Structures are given as structure tokens and as C-alpha cells.
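Structure first, then comments.
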Amino acid sequence: MTLTYRGRLAPSPTGLLHLGHARTFWIAQERARTAGGQLALRNDDLDVARCRPEFVTAMLEDLRWLGLRWVEPMITQSARLPLYRAALARLHATGCIYPCTRSRRDVLAALSAPQDGEETNEPVYPPQFRPPAGAPLSPLTEPVAINWRFRVPDGEKLVFLDGHAGKQQAMAGREFGDFLVWRKDDMPSYQLACVVDDAAMDITEVVRGADLIKSTFRQLLLYRALGLAAPAYYHCPLVIDDQGVRLAKRHDALALRTLRTQGRTPEQLRAEWR
Ligand code: GLU
């Protein structure tokens with residue numbers, strides 16, 4: 001049986017969409033279209049401090065203006081907490097997570113040298129802070145009031161073949177360390193929610209920005225621990241501004257709605273990024 005291609009757009013409503021999102025999402029749509037598949041839209045709104053309803057409205061408008069079409073209804077992560085909680089319970093049952101009371105400051109103080117952790121700003125978690133493997137775990141409470149981390153298999157080389165960037169590899173425990181799966185404010189981490197949803201939505205290929213390549217290694221470990229099949233990945237190069245800085249939601253000058261009010265058309269934008 002051939003699997004029907006299912007892709008997704010997964011913006012976070014923490015600001016206005018910019019040219020970088022537009023290009024990645026357009027590529028996602030093109031890949032779905034060429035494969036004769038479908039595209040879903042997911043509202044990644046778990047960062048309660050930064051997500052705002054007006055950005056959801058703006059993002060829908062901007063995506064439609066750009067010419068993107070998806071299968072309705074849109075999926076909203078904040079409405080799916082029970083699913084993520086069930087995945088947390090599965091991870092807990094397999095013993096691959098542990099409760100962590102260390103603060104970010106503890107972690108930074110324990111590091112001897114600056115570390116790489118760029119896209120999620122997460123330094124490699126010092127292994128000396130881990131409880132011993134196999135130590136009995138405290139039970140999961142509801143609400144969760146403590147951070148839970150995934151114990152990565154130190155020294156294991158993880159490899160995947162990226163549809164755009166080719167072979168990618170990273171060593172667990174060196175290039176990335178134990179990462180959060182659930183936060184003490186009782187919310188799942190991006191990594192866990194993303195895996196649970198991409199699997200539940202039957203996504204066959206994830207198209208997203210290259211800043212998330214390192215997250216992919218973490219997510220592959222979660223798929224394995226949860227007994228789920230991972231999708232294929234296609235990481236798009238990031239758009240940079242004329243100073244060579246990667247676009248972020250603070251680049252309002254390159255926000256799609258700024259460009260639109262200046263009279264630019266989606267066709268012009270597409271012609272420029274080819
Ligand atoms: N929501 C994430 C973001 O806007 C992207 C998630 C993903 O594509 O996996 O950065």
C-alpha cells in the first residue's frame with residue numbers, strides 16, 4: 001500500500017508571520033501538491049506566555065493571502081493536552097524520563113565551557129545531575145508540578161536522511177543532552193507535543209526550517225520510546241535579512257502583512273525567493 005503524502009504547517013502564534021515562514025510553508029505546500037497529498041494546519045499555541053489569539057487570526061489571514069490551502073479543521077495544540085499527558089504516562093512507564101529540579105542557572109553553572117544548543121537555547125544537560133539509571137521514579141501527579149526530562153542514550157549516534165539537507169547525524173549526550181518533555185507549569189514541551197501530533201495526524205513528511213534539525217534528533221528518540229513510526233524530514237534553509245541575520249518574528253519590516261500593505265503580491269514574493 002502506498003501511503004498518501006500528508007504534510008503540515010505548524011506556526012506558533014507568538015508574532016506575525018514573516019518571509020521566512022512564507023517560504024518554508026510554500027515549499028511544504030509544493031511538496032504536498034507534487035506528491036498528490038494533503039496539507040494540515042496546526043496551531044502550535046502551547047507557549048501560553050507568548051501566544052496570542054490575535055496572532056492566530058493574523059496567521060490565518062496571512063496564510064490564505066499567500067495562497068496556502070489546507071485540510072480543515074485546523075488543529076489546536078492547547079485543546080489536545082490529554083493526548084500529550086497519555087504520552088507522558090507512557091514515557092514514565094518505560095522509565096526513560098526523570099523528574100528534574102535543577103534550574104537553568106544550575107545547569108549553566110555546571111558547564112565548564114560555552115555549549116552549543118542553539119535553536120532551543122538548551123545547553124547539554126550535565127549528566128551528573130541525572131538520577132542513577134533504573135532508580136525508582138516518583139509518580140506522575142496531576143497537575144504536574146515538576147520538570148520531566150528525557151534521558152538520552154549517551155554516545156549513541158543518531159542519523160537521518162533529510163530530504164533537503166541530506167544525511168544528518170548527531171551524538172546523543174554530546175551534541176544535545178537530556179531534554180524537557182513536560183514543564184512544571186503543567187505543559188508539555190514542544191518536542192513531546194510535536195511528536196504526539198505529527199504521529200496522530202499521520203504526517204508522512206515534516207517540512208520546516210533548518211533551525212529545527214537538532215530538535216529532530218530529540219524527536220526521533222521520542223518516536224522510538226513511544227513505539228511510533230517517525231515521518232520523513234525536509235528542513236528548508238533559513239531566510240536571512242540583508243545583515244545576514246536570521247529572520248525572527250521581531251523583523252516586523254519583513255512581516256507578511258507589512259509587505260502586503262506595501263502593495264507586494266504573493267507572486268512577487270515567490271519570484272524573489274526562487
Ligand atoms: N511551531 C514551531 C515554530 O513555529 C515549528 C514546529 C515544527 O514545524 O515542528 O517554530
Side-chain angles (χ1 to χ4, degrees), residues 5-32 38-53 55-56 58-60 62-63 66 68 70 74-80 83-84 87 117-122 160 162-165 168 176 179-181 183 187-223 226 228 230-240 246-251 254-256:
Y5 183 104
R6 269 182 61 88
R8 57 27 163 215
L9 311 172
S12 298
T14 54
L16 294 172
L17 297 182
H18 54 61
L19 263 185
H21 298 107
R23 192 179 65 172
T24 300
F25 292 163
W26 188 259
I27 295 172
Q29 175 159 287
E30 283 296 292
R31 290 189 63 78
Q38 291 180 332
L39 201 56
L41 174 63
R42 190 175 76 217
N43 171 15
D44 280 5
D45 65 343
L46 290 179
D47 183 348
V48 278
R50 293 168 62 224
C51 291
R52 302 223 301 261
F55 289 135
V56 179
M59 110 196 161
L60 290 171
D62 291 347
L63 292 174
L66 198 65
L68 292 169
W70 53 88
M74 172 176 80
I75 289 183
T76 294
Q77 288 197 318
S78 58
R80 295 162 68 80
L83 245 85
Y84 311 136
E118 73 285 302
E119 91 279 0
T120 53
N121 271 332
E122 200 178 334
F160 71 94
D162 188 87
H164 176 78
Q168 302 296 310
F176 66 97
F179 57 91
L180 284 183
V181 291
R183 296 196 305 255
M187 291 299 268
S189 70
Y190 153 68
Q191 310 292 354
L192 182 63
C194 181
V195 164
V196 168
D197 282 339
D198 285 337
M201 292 162 71
D202 294 324
I203 299 304
T204 60
E205 182 180 73
V206 167
V207 177
R208 59 186 175 196
D211 54 324
L212 289 168
I213 288 186
K214 202 180 278 178
S215 283
T216 300
F217 295 110
R218 301 181 178 110
Q219 293 177 15
L220 290 172
L221 288 173
L222 285 176
Y223 279 103
L226 291 166
L228 298 168
Y233 290 93
Y234 186 102
H235 289 90
C236 306
L238 300 176
V239 177
I240 49 172
R246 176 187 148 198
L247 294 197
K249 288 183 177 131
R250 62 185 177 276
H251 278 76
L254 298 174
L256 294 182

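As the structure lists them, so they are numbered: ligands from 1, and atoms in each ligand from 1. Not measured: the values here are computed from a predicted model.
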Mark yes or no for whether Thr204, through its side chain, and Pro231, through its backbone, hold a donor-acceptor pair below 3.5 Å. no

Is it the case that ligand 1 has an N or O less than 3.5 angstrom from some N or O of Leu212? no

What atoms of ligand 1 come within less than 4.0 Å of a heavy atom belonging to Cys194? 9 (O)

Test: salt bridge (Lys or Arg N to Asp or Glu O under 4.0 Å). Region: residues 10-21. Which pairs qualify, not counting sequence neighbours? none

Within 4.0 Å of some non-hydrogen atom of Tyr190, the atoms of ligand 1 are 6 (C), 7 (C), 9 (O)

Taking Thr76 for its side chain and Ala79 for its backbone only, find out whether a donor-acceptor pair lies under 3.5 Å. no

Please list, in number order, the atoms of ligand 1 under 4.0 Å from a heavy atom of Ser12. 1 (N), 2 (C), 3 (C), 4 (O)

Below 4.0 Å from any atom of ligand 1, is there a heavy atom belonging to Arg8? yes

Is the backbone N or O of Pro237 less than 3.5 Å from a side-chain atom of Arg23, with the two atoms forming a donor-acceptor pair by type? yes

I'd like to check which ligand 1 atoms, numbered from 1 as shown, lie under 4.0 Å from a non-hydrogen atom of Arg208. 7 (C), 8 (O), 9 (O)

For Asp162, the side-chain contact (heavy atoms from CB on, under 4.5 Å) test, sequence neighbours excluded, returns Phe160, His164, Ala165, Gln168, Tyr233, His235

Just which atoms of ligand 1 are under 4.0 Å from any heavy atom in Asp44? 1 (N), 2 (C), 6 (C)

Return the CZ to CZ distance between Phe25 and Arg208, rounded to the nearest 0.5 Å. 11.5 Å

